[in-house]
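Below: the structure, in structure tokens.
Here is how names work: the chains are called A, B, and so on, in the same order as the sequence lines, proteins then strands, and each is numbered from 1. Everything quoted here is computed from the prediction, not taken from an experiment.
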Protein chains: 2
Amino acid sequence: MKALSKPREGVTIYEVAKRAGVSIATVSRALRDSELVTPQTRERVRAAAAELNFTPSRLGRSLAEGRHAANGIVFPDLVGPYYAEVVLGYEQVAAELGRSVLIRATHGRADADAQVLEMAARVDGMVIMGRSVADDVVARIAATGLPLVLLSRDPVSDVDTVRPENDTTARELARHLVGHGYRRFAFLGDPAAAPDVAGRYAGLAAGLKEAGVRVPDPVPCAFELEAGRSAAAGLLACRPRPRVIVCANDELALGALTAAGEAGLRVPQDVAVTGWDDLMAARFAGLTTVRQPMRELGATAARRLHEQIEARPAKRTGRQETLPTELVLRTSCGTHTMG
Amino acid sequence: MKALSKPREGVTIYEVAKRAGVSIATVSRALRDSELVTPQTRERVRAAAAELNFTPSRLGRSLAEGRHAANGIVFPDLVGPYYAEVVLGYEQVAAELGRSVLIRATHGRADADAQVLEMAARVDGMVIMGRSVADDVVARIAATGLPLVLLSRDPVSDVDTVRPENDTTARELARHLVGHGYRRFAFLGDPAAAPDVAGRYAGLAAGLKEAGVRVPDPVPCAFELEAGRSAAAGLLACRPRPRVIVCANDELALGALTAAGEAGLRVPQDVAVTGWDDLMAARFAGLTTVRQPMRELGATAARRLHEQIEARPAKRTGRQETLPTELVLRTSCGTHTMG
DNA sequence: CGTGCCAATGAAAGCGCTTTCAAAGCCTCG
DNA sequence: CGAGGCTTTGAAAGCGCTTTCATTGGCACG
């Protein structure tokens with residue numbers, strides 16, 4: 001595996017051909033294990049390639065084959081463990097399917113749309129997660145016929161979508177909390193910021209309404225622990241103080257726990273807190289939350305995408321897939337339910 | 001931004017040229033904002049391109065330009081928040097530098113070497129993290145002249161390396177724990193599994209030796225919470241029981257905390273536990289740990305790589321960079337030091 | 001020994017761009 | 001009115017592969 005000769009940059013198939021004394025066609029065939037070459041020739045070519053430390057240019061190959069053998073995933077951010085898990089699930093499946101993986105976090109950047117279009121030109125298909133790019137960009141990419149899957153995002157025209165279940169579990173959470181006797185609710189998170197938050201808030205609101213409990217207005221808040229802490233501190237200073245703060249995700253909830261501690265309040269005796277996602281930290285913070293199949297979301301999106309890519313020319317099916325979630329009860333919502 | 005005409009697949013520059021009534025050279029120039037085109041021509045070309053929903057093929061462009069405008073990062077795994085943070089830092093900087101990002105987790109797969117070589121053919125430079133691939137693969141890639149940066153990995157020939165500081169902080173941790181009066185140490189983690197673990201163990205051992213405390217043999221253990229839990233359970237069943245379990249990372253330490261709880265032991269009164277990384281969960285578990293500049297590690301690697309790419313033809317400098325780490329004291333190592 | 005076939009190989013045409021070099025058109029100025 | 005210099009555009013040559021199609025040579029068979 002060592003480079004015997006001068007490992008100059010950009011060794012091409014022509015140099016291998018010359019060294020092996022064959023044509024480039026034969027080199028290509030030999031290195032791709034075609035049946036059309038004698039074992040002896042194959043060996044000679046292999047040897048020449050090894051001596052030159054030759055790796056075929058992926059560009060040349062892709063251009064000739066008309067495919068990238070790569071797919072991409074776009075997500076709003078990688079801060080916090082949630083997205084990382086999704087990307088992990090995606091990468092793992094994509095790798096098994098023999099595809100390279102491109103990633104792009106948009107971070108709400110102004111040039112996000114351009115970056116996503118650029119990615120679209122590099123891949124055989126892509127997954128777009130959450131509200132990372134504008135609808136018209138999604139539509140435009142879809143219009144090119146590029147295989148596309150939306151993840152945790154409201155459907156756009158007839159593009160396939162994969163999402164976690166939000167409504168049912170949110171109602172269940174509402175019922176559970178009402179069962180604790182709580183009546184003064186607060187909701188931390190901006191339904192306009194992400195489709196998932198909208199779904200969670202809607203489910204919670206529906207559950208509360210059913211139980212005859214007043215539905216709180218959502219308190220918008222960035223998706224970071226620190227933002228959750230300060231927003232929760234504000235809520236806890238209100239009179240009457242909310243009896244329970246339902247947070248749109250675990251990071252906010254962890255921030256709320258911190259704020260409660262700083263305000264000298266006990267959880268759950270003085271104020272209950274719940275989250276969403278079931279991050280590792282939630283377990284150690286005793287946080288009641290809703291477990292998301294994060295890795296499975298990424299993996300499922302990768303599989304759907306692969307199906308589309310293999311099924312070219314793709315007819316968009318507009319398939320909607322919803323993955324189940326699970327209420328995880330811990331101490332932060334009330335002690336008598338502790339498991 | 002809508003597609004006016006039939007959005008057939010694979011619109012090429014030739015069709016745009018025909019529609020705009022110019023040559024492909026002019027199309028290329030117009031779309032790339034070259035000075036060599038009249039504003040009127042540019043507009044005509046733009047309009048034609050928009051009508052056809054044309055996006056230039058990245059393959060054609062890269063092949064012609066001789067560059068991918070992409071770089072890659074290879075890491076052992078994405079499980080757990082540590083690697084995710086590193087990748088995040090990497091992606092962010094790479095994006096700012098206008099580069100696409102490819103990722104690959106090797107998961108200890110048998111075909112990891114092939115996958116990494118495949119990535120090498122797709123990028124203008126890459127970062128290899130930890131013990132994700134064999135040394136000879138690294139050497140082989142380096143031999144092609146591809147810009148390369150190693151992250152948290154022992155140097156290979158004269159390839160640039162970026163690493164967190166392990167030794168000094170590990171000694172500091174040792175001194176601190178000895179200061180608590182602890183004498184029976186245990187170390188959870190396999191120094192052979194990752195260069196960082198080796199460095200941490202070595203530093204700890206050096207610190208203990210200086211203090212005249214017996215150095216424990218490391219207890220190998222996979223990098224997962226569950227593995228940490230069961231390994232720690234085994235340790236806690238030993239007689240005499242170790243007074244403190246130093247874990248190679250936070251996930252193991254969180255597992256150890258779980259095991260202690262299950263064994264009915266109080267932390268830190270009966271047994272102290274420390275970790276490494278300062279994950280979000282560590283904060284809520286009260287875990288004493290060593291904070292790693294994870295995001296900064298990724299960002300730094302991205303910058304070093306970019307420097308190499310820009311400086312082609314690259315002369316390898318073999319630069320070694322070490323990023324500082326910080327001891328974070330919480331309750332799990334002993335109450336009197338709580339901050 | 002000649003004919004016909006099959007297996008192995010080579011020549012060359014793309015794949016979709018960028019860029020060099022040449023040509024064409026238009027001004028300006030003598 | 002013609003020469004020379006710009007500016008703008010086009011033709012064509014790659015970039016490094018894969019693959020089709022043609023060619024070559026060897027062998028079996030008549």
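- Within the nucleic acid shown, R32(B) comes within 4.0 Å of sugar-phosphate atoms alone, with no base atom in reach, counting heavy atoms only.
- For L36(B), taking side-chain heavy atoms from C-beta onward, the closest of the listed nucleotides dC15(C), dT9(D), dC17(C) is dT9(D).
- Remark: E91(B) does not engage R295(B) in a salt bridge, criterion side-chain N to carboxylate O under 4.0 Å.
- Going from atom CD of E65(B) over to atom C1' of dG16(C) covers 12 Å, rounded to whole Å.
- Residue L59(A) is out of contact with every strand shown, counting any heavy-atom pair closer than 4.0 Å.
- Using a 4.0 Å cut-off between charged nitrogen and carboxylate oxygen, R42(A) and E35(A) do not count as a salt-bridge pair.
- Listed nucleotides dC17(D), dT20(D), dC17(C) differ in distance to S57(A); the shortest reach to its side chain belongs to dC17(D).
- The listed nucleotides are dG10(D), dT9(C), dC17(C); the one nearest the side chain of T41(A) is dT9(C).
- No contact: S62(A) has no heavy atom under 4.0 Å from any strand.
- Between Y14(A) and G21(A), it is G21(A) whose nearest contact on DNA chain C lies nearer the 5' terminus.
- Distances were taken from every side-chain heavy atom of R29(B) (C-beta onward) to each of dT20(C), dC17(C), dC17(D); the shortest belongs to dT20(C).
- With dA12(D), dT18(D), dT8(D) as the choices, the nucleotide that has an atom nearest any side-chain atom of I24(B) turns out to be dA12(D).
- Between R163(B) and E321(B) no salt bridge is recorded (no basic side-chain N to carboxylate O distance below 4.0 Å).
- Remark: E296(A) engages R303(A) in a salt bridge (charged side-chain N to carboxylate O under 4.0 Å, His left out) (not counting sequence neighbours).
- Side-chain proximity of T12(B) to the nucleotides dC17(D), dC17(C), dG10(C) is greatest for dC17(C).
- The side chain of A25(A) sits closest to dT19(D) out of dT18(D), dT19(D), dT9(C).
- Residue contacts for S28(B): at a heavy-atom cut-off of 4.0 Å it reaches a base atom on one of the strands shown.
- The shortest distance between the side-chain N/O atoms of T26(B) and the OP1/OP2 oxygens of dG10(D) is below 4.0 Å.
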